[in-house]
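Letters A, B, ... mirror the listed sequences (proteins, then strands); counts begin at 1. All values below were derived from every heavy atom in this structure, side-chain atoms included, with hydrogens, water molecules and symmetry-related copies excluded.
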Amino acid sequence: MSPKALPGFRDFYPAEFAIRAHILDTWRRIVRRYAFMEYDGPPLEPLELYTQKSGDEIVGQLYAFDDKGGRSVAMRPEMTPTFARMVASRAQALRKPVRWFAVPQLFRYERQQKGRLREHFQLNVDIVGESDVLADAELLSIAIEICRAFGLDRSDFYARVSDRRLLNALLASLEIDADAWPAVYAVLDKLERQPREISAEKLATAGLSAQAADAVLGFGAFDTVDALRERFGGSPDVVVHLDRFAQYAQHLTALGVGEFLRLDLTIVRGLAYYTGIVFELFDAQGEFRAICGGGRYDNLLQSLGGVDLPALGFGMGDVVLGELLAARGKLSAVGTPAADVWLVASEHTPVADILRVASSLRAADVSVEYALNADKLHGRKTTASIKDAQKAGARVALVFREAGQAEVLPLAGDAPLPADRTVLDTSDWSPTSVPHTDLSPLFQHLGR
RNA sequence: GUGGCCGUAGCUCAAUCGGUUAGAGCACCGGAUUGUGGUUCCGGGGGUUGCGGGUUCAAUUCCCGUCGGUCACCCCA
């Protein structure tokens with residue numbers, strides 16, 4: 001048995017690489033529509049960059065080691081600390097709001113499971129320097145538009161959205177002690193996956209009154225601002241946040257993605273650093289993990305980098321997204337790239353002629369392939385060579401039946417054949433230059 | 001880190017109750033045929049049955065360990 005990739009790591013054969021490229025290309029294409037700029041940082045960082053935010057216990061979940069200079073280092077498990085450092089060190093000079101994105105490969109040392117490997121690519125989109133809810137709406141609309149760009153619609157996915165400030169106000173209005181909030185968050189996070197009795201028990205342990213616990217257990221039932229307003233509208237502290245959420249929803253509707261929005265107070269996000277609106281994108285059938293998650297983290301930059309700027313962002317990984325797209329048939333059209341043109345020599349065609357034409361076509365940005373074996377180039381029947389071209393997936397075969405003349409033979413699927421044979425005169429083509437001959441008959445078959 | 005299930009060709013799978021030299025399709029390579037061509041046919045390469053140990057006259061098959069895969073828990077960036 002030949003050596004395999006390490007557990008949780010992937011070999012990308014051309015078919016898989018084509019899917020990866022499709023995902024990453026689409027990410028970049030859509031995010032650029034929103035005028036975000038791409039950045040990147042080192043894949044290897046000082047270990048302290050992560051322990052200072054998350055504590056020492058995180059080391060067990062990192063690819064961490066001492067380098068040859070004795071430094072404690074880790075392969076990056078997330079992009080946010082790097083991003084925070086980069087923004088903080090030039091915070092004064094950056095035009096606000098900062099609209100940046102990155103597509104890092106991230107690593108974590110954990111047992112792999114569905115949708116979760118030890119390595120993945122993750123789109124990170126962040127906005128820094130704007131606290132208005134308009135920025136929150138912009139951010140979520142990007143995540144949604146990306147999913148739509150992959151061919152997913154409202155029947156495939158939706159966004160669950162909550163707001164830390166709203167949730168905290170609700171807990172306060174229920175007279176729940178702030179010390180108990182983390183425990184309440186944990187219960188809310190598991191509300192759907194955990195039996196109600198266990199949730200109730202945990203809330204009681206956290207010190208909640210029976211009434212307060214009942215109210216928390218009922219949070220999952222509220223899926224509109226109006227429903228919350230009816231129940232908690234008497235509390236001015238709550239109303240402030242309900243109003244903002246309503247505004248958020250209006251912005252999203254105006255941006256054309258309102259139908260994907262669903263208020264859901266059980267969306268907690270594990271991170272302690274979220275301070276405002278938080279969201280996760282889920283597939284509608286509940287078959288996969290969250291496709292994407294993010295929110296507002298107004299205090300993080302100060303705690304990491306020392307600059308006090310509001311910020312928000314999200315991450316979207318390629319693994320769950322790829323699984324979902326595959327399951328919904330959205331990757332069937334993703335093909336591996338093949339040659340535009342395959343050159344078929346006859347026994348009379350000098351090798352030099354083939355090479356000259358190949359060079360010339362490549363100068364015209366046409367991808368060209370031919371048999372890399374002189375015997376095959378000359379010793380096979382034309383039909384056998386054409387068969388090679390078809391197997392390779394070439395769009396067009398150029399068949400040299402006579403010197404200086406190349407017949408254009410379209411190979412693509414069931415495209416109709418031209419009534420007349422198209423013959424290109426290649427006699428005056430020279431290496432590395434664009435052919436003088438009119439290539440339009442060829443380009444026509446290549447879809448240019 | 002804990003637990004369930006699963007490891008046979010590149011892929012999907014077969015191999016009677018434990019019994020001869022572990023087979024097939026697809027893919028790959030070669031050839032024939034088809035001569036506006038992805039058809040059809042013939043042939044070929046490819047396996048220490050994940051690895052190690054045990055039971056047995058005999059192990060792909062039963063047992064133990066280990067590694068890997070997968071799913072869940074934990075955790076979530």
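Remark: Arg401(A) engages Glu407(A) in a side-chain hydrogen bond (donor to acceptor under 3.5 Å, both in side chains) (not counting sequence neighbours). In terms of the side-chain hydrogen bond (donor to acceptor under 3.5 Å, both in side chains) criterion, residue partners of Ser427(A) (sequence neighbours excluded) are, by chain and number, Asp425(A). With sequence neighbours left out, the side-chain hydrogen bond (donor to acceptor under 3.5 Å, both in side chains) criterion links Arg33(A) to no other residue.
Expressed to the nearest 0.5 Å, how far CD1 of Ile176(A) lies from CG of Leu174(A) amounts to 5.0 Å.
Between Gln113(A) atom CD and U70(B) atom P there is a gap of 10 Å when expressed in whole angstrom units.
Nucleotides C13(B) and G54(B) are separated by 33 Å at their P atoms, to the nearest Å.
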Distances under 3.5 Å between nitrogen or oxygen atoms of protein and nucleotides 3-7 of chain B:
from: G3(B); atom 1: O6; to: Arg111(A); atom 2: NH2; distance (Å): 3.2

Could you go over nucleotides 27-34 of chain B and give all protein N or O partners under 3.5 Å, atom names and distances?
from: G30(B); atom 1: OP1; to: Lys376(A); atom 2: NZ; distance (Å): 2.8
from: G31(B); atom 1: OP2; to: Arg380(A); atom 2: NH2; distance (Å): 3.3
from: U34(B); atom 1: O4; to: Thr383(A); atom 2: OG1; distance (Å): 3.2

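Neither side chain, Ser162(A) nor Asp264(A), offers a donor N or O lying under 3.5 Å from an acceptor on the other.
Remark: the Arg193(A) side chain and the C73(B) base include no donor-acceptor N/O pair separated by less than 3.5 Å. Taking 3.5 Å as the limit, the base of C76(B) and the side chain of Arg116(A) contain a donor-acceptor pair of atoms between them.
Heavy atoms only, all atoms of each residue included: Tyr158(A) and Asp283(A) are closest at CE2-O, 4.1 Å.
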(request) Could you provide the dot-bracket string of RNA chain B, using ( ) for intrastrand pairs, [ ] for crossing pairs and | for bases paired to another strand, with Watson-Crick or G-U pairs below 3.5 Å? (result) (((((((..((((.....[...)))).(((((.......))))).....(((((..]....))))))))))))....

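Among the heavy atoms of the strands, none lies under 4.0 Å from Gly313(A).
Annotation: cation-pi pair Arg164(A)/Tyr274(A) absent, no NZ/CZ under 6.0 Å from the ring centroid and within 45° of its normal.
Distances from the side chain of Pro77(A) to the nucleotides G37(B), C76(B), A77(B) place A77(B) closest.
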